[in-house]
There are 2 protein chains.
Amino acid sequence: MTEARAPTRIQQKNRAAILDAALEVFSSQGFRGATVDEIAAAAGLSKPNLLYYFPSKEAIHAALLEQLLDTWLDPLRALDPAGDPLEEILDYMRRKLQMARDLPRESRLFANEIVQGAPRIHAVLSSDLKALVDEKASVIAAWSDAGRIARVHPYHLIFSIWSLTQHYADFDVQVRAVLGDEDPFAAAPEFMETLYRRLLSPA
Amino acid sequence: MTEARAPTRIQQKNRAAILDAALEVFSSQGFRGATVDEIAAAAGLSKPNLLYYFPSKEAIHAALLEQLLDTWLDPLRALDPAGDPLEEILDYMRRKLQMARDLPRESRLFANEIVQGAPRIHAVLSSDLKALVDEKASVIAAWSDAGRIARVHPYHLIFSIWSLTQHYADFDVQVRAVLGDEDPFAAAPEFMETLYRRLLSPA
DNA sequence: GTTTGATTTGACCAAAAGGTCAAACTCACG
DNA sequence: CGTGAGTTTGACCTTTTGGTCAAATCAAAC
């Protein structure tokens with residue numbers, strides 16, 4: 001039994017700096033494109049010093065992804081079967097859009113991982129993520145059955161919320177290139193609210 | 001003046017093999033994550049042989065992107081100001097969805113490039129792409145003004161079509177992990193058609 | 001069938017990459 | 001203020017990477 005020692009102040013500070021730097025680098029280069037030197041430099045540490053805190057590049061990436069997965073699924077977990085159907089779904093969409101605005105690097109970290117085939121989180125996707133989506137999709141299906149929202153394919157509804165919201169974080173440069181000066185997040189919330197109101201309002 | 005020689009049969013075959021292999025590798029690893037050895041192996045050539053056809057890794061990537069950009073924008077170019085508004089937009093969405101199904105590697109190549117900040121195509125995005133979107137957005141705005149479709153933000157409408165359709169190519173592994181056996185493209189077309197009909201039908 | 005240009009390759013380089021290690025340095029606490 | 005644990009670093013190692021080059025091989029037009 002190895003005794004888990006309490007982390008020192010320096011440890012806390014440096015591990016946090018490393019994770020923040022790694023988020024920056026991994027999210028903009030992907031796993032293979034990122035280098036330990038780059039992360040170390042961004043964290044203000046030498047490479048050997050960084051490797052004193054994490055045993056390998058893999059380990060840093062794994063720590064980031066693990067810590068993030070929970071946060072990432074929180075908005076969907078909060079979808080309340082007892083709430084008002086349309087408002088619940090709109091709130092879910094709003095929370096996701098908020099996350100795209102506030103945590104774009106985190107969004108791009110996932111985007112990189114998944115576009116590249118999710119080699120490191122595939123198992124979690126088909127277990128935890130699938131289980132959560134299955135659960136919430138059946139809630140939405142029940143709302144449709146009860147005539148409380150229009151009938152839609154619940155899984156594709158959820159995919160649409162993912163794709164629309166994350167698009168603003170993941171494809172930020174493209175969106176900004178097209179919009180010019182206009183802030184993407186100025187009109188996005190209203191657009192999406194309109195979209196889902198029209199899609200889901202019971203006929 | 002260097003005379004442009006006609007490519008030999010071998011040149012045609014090998015350049016095509018290289019571009020295909022490079023598409024495979026770049027789209028699943030990003031630019032920095034891809035290696036010349038990997039591309040050469042996938043093309044069935046030795047590394048020096050590959051570098052006989054393209055001067056550098058950069059050059060292969062550039063050739064791929066350039067060749068692809070046109071194809072990628074074709075569906076939007078085809079949006080006809082003289083056509084029926086709702087059907088034109090639905091057709092545009094269908095063409096994009098078709099491309100996500102038929103050309104997922106191409107979609108992921110762009111996704112990687114853009115998620116990683118589009119360092120190599122930023123200029124094209126804010127010139128050619130912006131110009132095209134500006135043009136088509138004003139067509140859509142005119143349709144709204146004429147009351148032929150419901151009022152929506154035309155730019156965000158276009159973004160929504162991009163994100164929804166490309167999601168099925170770019171996040172394929174995630175979609176499949178959640179859906180299990182179900183084919184994503186079975187229900188997607190109907191879902192999206194419903195979505196845009198409800199969003200755009202004139203009030 | 002020979003010759004000339006096109007193609008292919010093995011051997012090689014320099015730089016960059018992930019990672020190790022022993023020695024040096026710092027810090028907190030008794 | 002000394003000491004042991006916690007921290008940092010320069011030097012180093014191996015592998016991988018993008019790229020070069022001269023020599024060898026091949027194809028096809030004459």
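Naming: A, B, ... by sequence-line order, numbering from 1 per chain.
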Check: When all nucleic acid strands are considered with a 4.0 Å heavy-atom cut-off, which category describes B:Phe54: base, sugar-phosphate, or nothing?
Finding: nothing
Check: Is there a donor-acceptor contact under 3.5 Å from the side chain of B:Arg105 to the main chain of B:Leu23?
Finding: no
Next item on the list: Compare the minimum distances between each of C:dT8, C:dA6, D:dT9 and the side chain of B:Tyr53, then state the nucleotide with the smallest one.
Entry: C:dT8
Checklist line | Residue list, side chain to side chain contact (heavy atoms under 4.5 Å, CB included) with A:Arg32, at least two apart or on another chain | finding: B:Gln29, B:Thr35, B:Glu38
Check: Can you find a side chain N or O atom of A:Tyr52 that sits less than 4.0 Å from OP1 or OP2 on D:dT8?
Finding: no
Margin query: For D:dT7 and A:Thr8 - does any side-chain N or O of the residue sit under 4.0 Å from the phosphate oxygens OP1/OP2?
Written below: yes
Next item on the list: Taking only the side-chain heavy atoms of B:Asn14 (C-beta and beyond), determine which of D:dA11, D:dT8, C:dT8 contains the nearest atom.
Entry: C:dT8
Notebook entry, point to check: Is a donor on one side and an acceptor on the other found under 3.5 Å between the side chain of A:Glu88 and the backbone of A:Leu79?
Noted result: no
Note to self: Below 30° counts as parallel, above 60° as perpendicular, anything between as tilted: where do the rings of B:Trp162 and B:Phe159 land?
What the structure shows: tilted
Next item on the list: Examine distances only and state if a side-chain atom of B:Asp170 and a backbone atom of A:Val115 form a donor-acceptor pair shorter than 3.5 Å.
Entry: no
Margin query: If I take atom CZ in residue B:Arg15 and atom P in nucleotide C:dA6, what distance separates them, rounded to the nearest angstrom?
Written below: 15 Å
Check: Sequence neighbours excluded, which residues qualify as side chain to side chain contact (heavy atoms under 4.5 Å, CB included) partners of B:Ala22?
Finding: B:Phe26, B:Ile39, B:Ile60, B:Leu64
Next item on the list: Please give the angle, rounded to 10 degrees, between the axes at the start and the end of the helix from C:dG1-D:dC30 to C:dG30-D:dC1, where five pairs define each axis.
Entry: 10°
Collect all protein-nucleotide pairs involving nucleotides 16-18 of chain C in which both atoms are nitrogen or oxygen and the distance is under 3.5 Å.
from: C:dG18; atom 1: OP1; to: A:Ala34; atom 2: O; distance (Å): 3.3
from: C:dG18; atom 1: OP1; to: A:Lys57; atom 2: NZ; distance (Å): 3.0
from: C:dG18; atom 1: OP2; to: A:Val36; atom 2: N; distance (Å): 2.8
from: C:dG18; atom 1: N7; to: A:Lys47; atom 2: NZ; distance (Å): 2.8

Next item on the list: Check the side chains of A:His122 and B:Gln174 for a donor-acceptor pair under 3.5 angstrom, ignoring hydrogens and angles.
Entry: no
Notebook entry, point to check: Hey, would you say the B:Phe54 and B:His61 ring centroids sit under 6.0 Å apart?
Noted result: no
Checklist line | Charged N-O contact under 4.0 Å between B:Glu193 and B:Arg94 | finding: yes
Checklist line | Least distance between heavy atoms, A:Gly83 atom then A:Arg148 atom | finding: O-NH2, 4.2 Å
Check: Among side-chain atoms of B:Tyr168 and A:Ser163, is any donor-acceptor pair under 3.5 angstrom?
Finding: no
Item checked: C:dT9 phosphate, OP1 or OP2, under 4.0 Å from B:Asn49 side-chain N/O -> yes
Provide a list of protein-nucleic acid N or O atom pairs under 3.5 angstrom, restricted to nucleotides 26-30 of chain D.
from: D:dA28; atom 1: OP1; to: B:Arg9; atom 2: NH2; distance (Å): 2.7

Checklist line | Interatomic distance where CD belongs to B:Glu38 and C1' belongs to D:dT15 [whole Å] | finding: 16 Å
Next item on the list: Send over the distance from A:Lys13 NZ to C:dT26 C1', rounded to a whole Å.
Entry: 12 Å
Next item on the list: Using side chain to side chain contact (heavy atoms under 4.5 Å, CB included) as the criterion, list what pairs up with A:Ala59, not counting sequence neighbours.
Entry: A:Pro55, A:Ser56
Checklist line | Short side-chain N/O contact to C:dA6 OP1/OP2 from B:Gln11, under 4.0 Å | finding: no
Check: What's the CD-P distance between B:Glu58 and D:dG19, to the nearest Å?
Finding: 8 Å
Item checked: Side-chain N or O of B:Ser46 closer than 4.0 Å to phosphate OP1/OP2 of C:dT8 -> no
